[in-house]
Amino acid sequence: MALGARSTTGWKATVAVAMSNYIEAGSIIAIAVSLTNWQDRFGVSDTAVGLLAALSANAFGAAVGAALGGPLCDRLGRKFIYTYDLVLYMVGVLLATFAVSYSMLLVAFVLTGIAVGAGVPASWTYIAEEAPADQRARRVGTAQLAWSLGPVVGFALAVALGGLGLLGNRLIFAHLFVVAAVTWWVRQGLPESAIWKDERAATGPVRVGGLRGLFSRRANLTALLFLFGVYAFWNTVAGQAGIFMPRVYAAAGVESATEQNLLQVLVWACTCLATVAGFMRYGDRVSRRLLYAVGAVMGVLAWALLVFADGTLPTLLGYALLWGLGAGIGAQAFYSVWTSELFATPYRASAQGVLFFAARCAVGVLSYWFPSLLREQGVPFVGTLMIALLVVAAVVGTVFAPRTQGKSLQQIEQERYGEVVDLPADTPADRAARTARR
């Protein structure tokens with residue numbers, strides 16, 4: 001039987017597409033745990049290290065990928081992106097695995113960044129479009145869980161392979177190649193998004209969608225501003241924490257690489273726990289505004305511990321618990337749901353591409369200077385900057401949280417645009433949900 005003939009609807013498709021997030025996060029962690037060894041191996045400066053981080057999957061590389069992939073996803077389909085993005089990704093991680101020079105490593109980081117930048121918005125869009133209205137947070141939360149599992153595995157591998165030095169780092173990149181290859185194979189049997197197919201059948205290939213339509217409607221512009229306030233400010237902090245946190249721990253007094261990585265395993269294990277027990281369980285059932293606010297406050301408190309408390313192990317453990325649990329029910333989880341709900345199908349992936357581009361550019365600008373700022377100004381200075389950014393995200397998300405919970409994508413479109421921009425799609429997930437309610 002042909003691969004495409006297999007049944008891939010429901011959770012199987014959700015998990016396969018969500019793996020984009022594991023791969024993205026895994027790339028960032030592979031870079032984070034290897035930067036010091038790469039710096040020693042190639043004898044480059046902190047500024048050169050900052051450039052690696054700034055052009056990687058954590059920042060500008062992903063930004064460029066999102067800017068290209070989002071509009072292509074709306075024009076050519078969701079399947080087009082998740083069929084081909086991993087091919088480019090595999091080339092990038094393979095180059096990183098066997099890098100013999102700084103320039104080769106830089107090219108590898110840029111290619112992986114472009115690939116994940118294109119893939120992650122497509123995955124969030126696809127999952128949300130195929131999910132029943134009363135399970136949207138639960139399904140999209142799968143992507144958040146995959147994003148959290150990437151660092152758990154990455155940092156755990158860093159601990160296990162720490163004695164191998166740079167060879168251990170190369171093996172972490174090699175494991176990402178294997179995961180990407182398996183994911184790419186499974187995805188070949190996935191169907192196109194039913195909502196996107198129905199919309200395309202109704203309007204044809206020539207339509208006002210993508211970037212042009214995105215910036216021509218007031219409803220889209222207000223949603224872009226709101227989501228930028230939620231995600232870009234929070235993600236600028238998360239981007240630094242994801243890739244530079246071992247250096248922050250070192251500046252705070254934890255010099256053992258094993259201890260630094262174990263702290264990060266704790267952070268991301270807590271994120272996995274909060275995603276499953278918090279966001280996926282309650283995101284469709286309780287006040288999203290309240291859930292978001294709790295996660296946002298926990299993030300602010302976590303960085304306040306780093307800035308205002310002593311740098312002892314209990315303080316760092318407190319940071320790990322608060323930041324990890326807060327992230328599981330925090331800005332990225334809600335952003336991935338809201339950005340799929342607040343835009344009609346012709347603009348949905350393009351909007352995610354624009355927002356992901358803007359957020360990762362912000363991360364890239366700070367990433368370029370972060371190692372130098374940390375070395376010259378210390379944890380209190382960079383920590384205070386992180387707190388300020390988190391407060392902005394907390395206020396915007398809590399005050400302006402939309403009331404979209406439990407509504408179908410078509411119902412949300414009707415409320416926001418005054419019309420259903422695309423025809424309703426009777427997806428397999430919708431039919432299954434109706435059957436279950438009978």
Side-chain angles (χ1 to χ4, degrees), residues 66 70-78 121-122 124-137 139-140 192-232 283-284 287-289 292 331 334-358 395-427 429-431 433-434 437:
L72 286 176
C73 191
D74 280 333
R75 181 172 294 275
L76 301 177
R78 287 57 169 129
W124 287 339
T125 298
Y126 181 89
I127 293 170
E129 289 178 345
E130 292 293 291
D134 58 353
Q135 293 184 26
R136 196 171 300 120
R139 293 293 184 96
V140 176
E192 180 58 87
S193 163
I195 288 180
W196 183 88
K197 285 196 300 182
D198 283 355
E199 183 275 335
R200 174 52 63 93
T203 60
V206 179
R207 59 189 172 84
V208 179
L211 291 177
R212 185 172 65 162
L214 178 66
F215 290 108
S216 66
R217 306 191 72 149
R218 180 185 177 88
N220 290 339
L221 295 177
T222 57
L224 286 171
L225 289 174
F226 164 68
L227 290 166
F228 181 84
V230 168
Y231 189 61
D284 294 304
S287 168
R288 288 181 177 175
R289 186 190 306 272
Y292 177 92
F334 281 99
Y335 163 82
S336 59
V337 173
W338 286 335
T339 197
S340 297
E341 293 177 335
L342 297 182
F343 300 96
T345 301
Y347 323 120
R348 188 168 291 126
S350 295
Q352 294 202 38
V354 168
L355 288 163
F356 208 69
F357 173 83
V395 171
V396 172
T398 302
V399 173
F400 299 104
R403 298 179 181 275
T404 52
Q405 190 173 21
K407 300 176 181 178
S408 70
L409 295 178
Q410 287 76 29
Q411 182 181 355
I412 296 169
E413 287 180 23
Q414 180 69 52
E415 293 175 355
R416 289 184 49 74
Y417 296 88
E419 62 177 337
V420 177
V421 179
D422 58 281
L423 295 178
D426 190 15
T427 68
D430 290 330
R431 291 194 294 272
R434 285 199 302 273
R437 287 194 292 268

Glu413 and Thr345: side-chain contact (heavy atoms from CB on, under 4.5 Å), yes or no, with the steps?
CA-CA 9 Å; Glu413 287 180 23; Thr345 301; 3.9 Å; yes

Could you go through the side-chain contact (heavy atoms from CB on, under 4.5 Å) check for Ile127 and Val140 one step at a time?
CA-CA 6 Å; Ile127 293 170; Val140 176; 4.0 Å; yes

Go through Val396 and Phe228 one step at a time and tell me if the side-chain contact (heavy atoms from CB on, under 4.5 Å) criterion holds.
CA-CA 9 Å; Val396 172; Phe228 181 84; over 6 Å; no

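For the residue pair Ser336 and Gln352, no side-chain donor N or O sits within less than 3.5 Å of a side-chain acceptor on the partner.
A donor-acceptor distance shorter than 3.5 angstrom exists from the side chain of Arg288 to the backbone of Gly283, with no hydrogens or angles considered. Side-chain atoms of Ser350 never come within 3.5 Å of backbone atoms of Tyr347 as a donor-acceptor pair (strictly under, hydrogens ignored). Judged by distance alone, the side chain of Arg78 and the main-chain N or O of Ala122 form no donor-acceptor pair under 3.5 Å. With Arg136 contributing its side chain and Gly406 its backbone, the two residues share no donor-acceptor pair below 3.5 Å.
Note that CD of Glu129 is 3.5 Å distant from OG of Ser193, once rounded to the nearest 0.5 Å. Remark: Lys197 NZ to Ile195 CD1 distance equals 12.0 Å, nearest 0.5 Å. Note: Arg217 CZ to Thr222 OG1 = 11.5 Å, rounded to the nearest 0.5 Å. For the atom pair OG1 of Thr398 and OH of Tyr292, the computed distance is 6.0 Å after rounding to the nearest 0.5 Å. Atom CZ of Arg348 and atom CG of Asp74 lie 8.5 Å apart (nearest 0.5 Å). Between the CG atom in Leu342 and the CG atom in Asn220 there is a gap of 9.5 Å [rounded to 0.5 Å].
Put simply, the side chain of Phe215 reaches to within 4.5 Å of the side chain of Val354, judged on heavy atoms. Proximity of Trp196 to Tyr126: side-chain heavy atoms (C-beta onward) are nowhere separated by under 4.5 Å.
Between Trp124 and Tyr335, the ring center distance clears the sub-6.0 Å criterion.
Salt-bridge annotation for Arg416 and Glu341: absent, with no side-chain N of the basic residue lying under 4.0 Å from a carboxylate O of the acidic one.
Under the side-chain contact (heavy atoms from CB on, under 4.5 Å) test applied with Phe343, the options Ile412, Thr125, Leu409, Leu214 reduce to a single match, Leu214.
Ring orientation note: the planes of Phe400 and Phe226 are nearly perpendicular, at an angle over 60° on the 30°/60° scale.
The two residues Ala66 and Pro71 make their nearest non-hydrogen contact at O-CD, 4.0 Å.
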